[in-house]
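Worksheet: one structure, shown below.
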Amino acid sequence: MGIIRNLVTNLTVIRQTSIRNHQKIIMSRRLHARRTDGVDKNVWVEFTQLAADYKAVNLGQGFPDFSPPKFVQEAFCKAVCGGPLMHQYTRAFGHPRLVKNLAKFFGRIVGREIDPLEDVLVTVGAYQALFCAFQALVDEGDEVIIVEPFFDCYQPMVQMVGGKAVYVPLRPKAEGSAILSSGDWVLSAEELASKFTPRTKAIVINTPNNPLGKVYKTEELQMIADLCIKHDVLCISDEVYEWLTYDGAKHVKIASLPGMWERTITVGSGGKTFSATGWKVGWAISSGHIIKHMKTIHQNSVYHCATAAQEAVAEGFEREYELFGTPESYFQQLPAMLHHKRKKLASCLESVGLQPIMPEGGYFMITDISPVKVDFKDQSTEDEPNDIKFVKWLTKEKGLATIPVSAFYSPEHSKEFDKYIRFCFVKEDSTLDAAEDILRKWSHGQ
Ligand code: PMP
Ligand code: GLN
């Protein structure tokens, strides 16, 4: 017995020493850079894993669970079988056929000539376009204004270049009254103006917005543009959902307003445009004098993104250029399809007593969960914002995955907005039906 006890004691000591050494290694400044501190948590990593672990019906992460349209799938297959060069490096800043088509397509939208070689940078998804923008344009100590709620990666990207994020929230128009549309969430012109200082380098906007679905009106964009021009500030405009607007809302590019082309970086996503998020083709479009600096970051980091995927996206844009504005255009068909899915999700939420905030655009719908009383048994989540507790509970106990909206707020404001959760409706009707089934059973106490 004595020998066994000694052995157990020795093993325990070895284990504790090894844990201490491991902790020392983790904390050692020699083995990591400080820029990774405080940005290690990621809502997509955490909640996508949770959905998978519990095999939940997934209305969480924003991706279509249906196939991209046939024409881009065929274009991809054609590219992959298109000979040796389709499998090799292409031009660093964008495959020639893609930059040519992006310039042609968006030139028509913004009403100016876009130089495919100077004014366009193709990136690994919109993520990398944003990353290159912050790396290339923001210096240590610079302030970047971010409108809340915001797509979560803006803040860590600003922090990683040593910039300071300065937040300004969209607020529901009339506190207390029923907020029915994302259009009821507005920026206060005075509050926004008060955030500009001599250190402000850029503002980031996202229209249509993730997670709220707000589509900025021309007057709102003009107010932002006036401040950018007055203070000589850049505008990073994330427009990955630009084709997805509903009920007559119209997407306007801030880059098309007078005096804004020279200071706006417009970010787009082939993944969102053609329902192929896994392809990771994105772009930044701006004046060549800005793109030049983003190219420097790009060529020294990823160099370029997959040739065949760029070829397929190029072919998609070629087709869309010809069909633009017609019922055959995917840019008409996708929003038409999503319009129905959005309605379906909204009626499902209403039927179980949840009030949706109708998005004017995008993939997502948020709803206020404060009327719902749930007894969270899991004590380990005590300090977390209420929406996070709720989403974990809904995923684990009911098998329905969603996303907590506090993840789209700064730590300073997340508690103030922790009564909303986000549902994604770019899903098969069968997925939406499965979600409805869960919500109905739950509302009937099953
Ligand atoms: N911006 C917003 C607002 C998003 O929702 C996303 C997620 N798709 C991205 C950027 C990143 O897009 P991508 O998948 O093309 O990198
Ligand atoms: N943009 C997607 C969303 O908002 C997800 C992005 C990601 O998974 N990193 O759901």
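Reckoned from all heavy atoms, side chains included, excluding hydrogens, waters and symmetry mates. Whatever order the structure lists them in is the order used to number ligands and atoms, beginning at 1.
Annotation for ligand 2: atoms under 4.0 Å from non-hydrogen atoms of Arg422 are 3 (C), 4 (O), 10 (O). With ligand atoms numbered from 1 in the order given, ligand 2 contributes 1 (N), 2 (C) to contacts under 4.0 Å with heavy atoms of Lys272.
You'll find the ring centres of Trp279 and Phe76 inside the 6.0 Å limit. Between Tyr167 and Tyr154, the ring centre distance reaches or exceeds 6.0 Å. When ring centroids are compared, Trp243 and Phe105 come within the 6.0 Å threshold. Taking the centre of each ring, Trp185 and Tyr420 come in below the 6.0 Å mark.
When hydrogens are left out, the protein atom nearest atom 10 (O) of ligand 2 is Gly62 N, 2.5 Å; that is the closest non-hydrogen contact. Among protein heavy atoms, atom 8 (O) of ligand 2 sits closest to Gln61 NE2, 2.5 Å. Closest to atom 7 (C) of ligand 2 among all protein heavy atoms lies Trp44 CG, 3.4 Å.
With respect to Asp232 and Arg263, a salt bridge is recorded, a charged nitrogen being found less than 4.0 Å from a carboxylate O. Under a 4.0 Å N-O distance rule, the pair Asp119/Arg112 does not qualify as a salt bridge. A salt bridge is defined here as a Lys NZ or Arg NE, NH1 or NH2 lying under 4.0 Å from an Asp or Glu carboxylate O, and Lys78 with Glu311 fails to meet this definition.
In this model, a donor atom of one side chain and an acceptor atom of the other lie less than 3.5 Å apart for Ser237 and Glu239.
Under 4.0 Å from ligand 2, the heavy atoms of Phe151 that appear belong solely to its side chain. Under 4.0 Å from ligand 2, the heavy atoms of Tyr127 that appear belong solely to its side chain. Contacts between Thr48 and ligand 2, counted as non-hydrogen atom pairs separated by less than 4.0 Å, are absent for every part of the residue.
For Asn386, there are no side chain to side chain donor-acceptor pair (under 3.5 Å) partners, not counting sequence neighbours.
Note: Phe93 and His298 have tilted aromatic rings, judged against thresholds of 30 and 60 degrees for the angle between ring planes.
Backbone and side-chain nitrogen or oxygen atoms of Phe364 are examined, and none is located within less than 3.5 angstrom of a nitrogen or oxygen of ligand 2.
For a heavy-atom separation below 4.0 Å, the residues in contact with ligand 1 are Gly125, Ala126, Tyr127, Phe151, Asn206, Asn210, Asp238, Val240, Tyr241, Ser269, Lys272, Lys280.
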